[in-house]
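Values reported hereafter were calculated over all heavy atoms of this structure, with side chains retained and with hydrogens, waters and symmetry mates removed. The sequence lines fix the lettering, A, B, ..., with proteins before strands; numbering per chain opens at 1.
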Amino acid sequence: MAEIQFGQIIGIGEGQIFKDRKALAAAGIHRPLQAGIDGNKKDGSSSIVLNGGYVDDEDLGNVIIYTGHGGNDPNTKRQVADQSWDSSGNRGLLISEMHGLPVRITRGAGHKSKYSPSNGYKYDGLYLVTQHFYEIGKDGFRICRFRLEKLSSISPLPLDINESLESYGASETSRIPTTILRIARDTKLSRKIKEVYDYTCQVCGIRISFNGIGYAEAAHIRPLGNPHNGKDLSNNLLCLCPNHHVMFDKGAFTINEDHSLSGVEGRLFIKPGRHAIDTENLVYHNKHIFNING
DNA sequence: AACTTCACAGGT
DNA sequence: ACCTGTGAAGTT
């Protein structure tokens, strides 16, 4: 059993067509030959297929409302039982949502929408799981649902706001900015630092979770890129809750060399032996980012 | 080793 | 188009 692979598969481009599920699996896009979700309870889910298997699925292009596994009669394709968050694929999608992992999307010809191919299976790139919710489906049983949004469509620049809301399938105006803010790009390093702290904020100790799956953000102390040119190293990273991430980035508080805090109460928690911070990065934040006027 | 799964081919 | 049976790969 090959380890589950997240993100882009080298050599496979968006729009590429595969003859059948066997070809999809051989390409490394989606390993199971029947299951719609490729994932497990520990690492998350890395890929889904839309092929008309579940009556409640909605495909809006850049936004997909996907139905989890379970309770489905494969002959009638109708729901005959309640679904649960604990089946492997569903829990995997929750992990992908909470940890910001990308999910590959493939549309099959069996799924009738204007985005599906006329035959075979079409790989359509990377999406993020941005919401999960529970509702009663068309057949009267509770279903686990996931909202997925195409990664390239989550633009940091607001397009024409009136038009973009419609095309995103979003009705609440506050959604887009929050999504952009919260979804930090997942890298090996950011995942590692979050795992070291088990998704617990180093400033306030809060651990945001759903069904035990934690949510946290990896924050750079000295920002990356121009003009700060901080380094993407663990000695320049913190594991924070969203509030303290924003507060830190905006200079509402800072961390002193002795790890005491200015601007908020308390003291930075550091896991002994598992994480070390470069003091120079703290000095930089203190000097250039922290609001000296309080 | 059993179980689940948004396949697939072959029949009518 | 509908119903079968057979199936492989991954997870637990």
Side-chain angles (χ1 to χ4, degrees), chain A residues 1-7 9 12 16-61 63-97 99 101-127 129 132-148 150 211-213:
Chain A
M1 37 171 162
E3 201 171 297
I4 188 163
Q5 289 284 117
F6 285 86
I9 302 298
I12 307 296
Q16 200 162 325
I17 301 279
F18 297 86
K19 178 174 150 281
D20 52 22
R21 288 289 296 265
K22 216 172 153 185
L24 254 192
I29 295 282
H30 191 92
R31 299 170 305 164
L33 295 181
Q34 290 191 208
I37 306 172
D38 187 354
N40 62 51
K41 292 185 176 188
K42 182 176 149 281
D43 304 310
S45 292
S46 67
S47 172
I48 62 174
V49 173
L50 287 98
N51 197 33
Y54 288 76
V55 291
D56 296 291
D57 285 351
E58 292 170 45
D59 187 0
L60 309 170
V63 172
I64 294 165
I65 311 296
Y66 194 73
T67 310
H69 290 175
N72 189 258
D73 180 340
N75 295 320
T76 62
K77 294 185 176 182
R78 312 300 294 201
Q79 291 304 115
V80 295
D82 287 345
Q83 294 186 339
S84 136
W85 294 119
D86 291 324
S87 74
S88 59
N90 296 353
R91 188 171 176 85
L93 281 173
L94 284 180
I95 291 173
S96 298
E97 175 188 355
H99 298 185
L101 303 170
V103 178
R104 290 185 293 275
I105 299 295
T106 302
R107 291 183 170 89
H111 169 248
K112 302 302 177 196
S113 88
K114 62 176 173 177
Y115 308 101
S116 40
S118 50
N119 42 44
Y121 294 85
K122 180 161 66 87
Y123 171 62
D124 277 332
L126 300 177
Y127 284 60
V129 185
H132 63 268
F133 53 103
Y134 209 40
E135 66 180 345
I136 304 297
K138 288 177 181 159
D139 294 326
F141 293 95
R142 284 179 299 183
I143 52 175
C144 296
R145 317 212 70 195
F146 299 92
R147 180 190 181 97
L148 295 111
K150 188 157 195 190
N211 278 21
I213 304 164

Donor-acceptor side-chain pairing of A:Y54 and A:N72 below 3.5 angstrom: no
Residue closer to the 5' end of DNA chain C, A:P32 versus A:N75 (nearest nucleotide): A:N75
Residue mapping more 5' on DNA chain C - nearest nucleotide basis, A:K22 or A:S87: A:K22
Most 5' of A:K19 and A:G52 on DNA chain B, judged by nearest nucleotide: A:G52
Would you mind classifying the nucleic acid contact of [X] as base, sugar-phosphate or nothing, using non-hydrogen atoms under 4.0 angstrom?
{"X": "A:G110", "value": "nothing"}
{"X": "A:H111", "value": "nothing"}
{"X": "A:Y66", "value": "base"}
{"X": "A:D57", "value": "base"}
{"X": "A:K77", "value": "nothing"}
{"X": "A:G108", "value": "nothing"}

Side-chain N,O (A:Y121) to OP1/OP2 (B:dC6) below 4.0 Å: no
A:N40 vs C:dG10: side-chain N/O to OP1/OP2 distance below 4.0 Å: no
Rounding to a whole Å, what distance do you find between [X]:[atom1] and [N]:[atom2]?
{"X": "A:Y54", "N": "B:dT4", "atom1": "OH", "atom2": "C1'", "value": "10 Å"}
{"X": "A:D73", "N": "B:dT4", "atom1": "CG", "atom2": "C1'", "value": "14 Å"}
{"X": "A:L33", "N": "C:dT11", "atom1": "CG", "atom2": "C1'", "value": "14 Å"}
{"X": "A:D20", "N": "B:dC8", "atom1": "CG", "atom2": "P", "value": "5 Å"}
{"X": "A:F146", "N": "B:dC6", "atom1": "CZ", "atom2": "P", "value": "13 Å"}
{"X": "A:E3", "N": "C:dT11", "atom1": "CD", "atom2": "C1'", "value": "14 Å"}
{"X": "A:I37", "N": "C:dA9", "atom1": "CD1", "atom2": "C1'", "value": "16 Å"}
{"X": "A:F18", "N": "B:dC6", "atom1": "CZ", "atom2": "P", "value": "20 Å"}

Minimal non-hydrogen separation, A:C144 against A:Y134, with atom names: SG-CE1, 3.6 Å
A:D86 versus A:N211, closest heavy-atom pair with distance: OD1-ND2, 4.2 Å
Any N/O donor-acceptor pair, A:N72 side-chain to B:dC6 base, under 3.5 Å: no
Note: A:K22-A:D20 ion pair, threshold 4.0 Å (strictly below): no
Sidechain N-carboxylate O distance under 4.0 Å for A:R145, A:D56: no
Identity of whatever pairs with B:dC6 - Watson-Crick or G-U, under 3.5 angstrom: none
Nearest-nucleotide pick for A:R31, side chain only, options being C:dG10, B:dC6, C:dT12: C:dG10
Exam field: side chain A:D73 to backbone A:R78, donor-acceptor pair closer than 3.5 Å: no
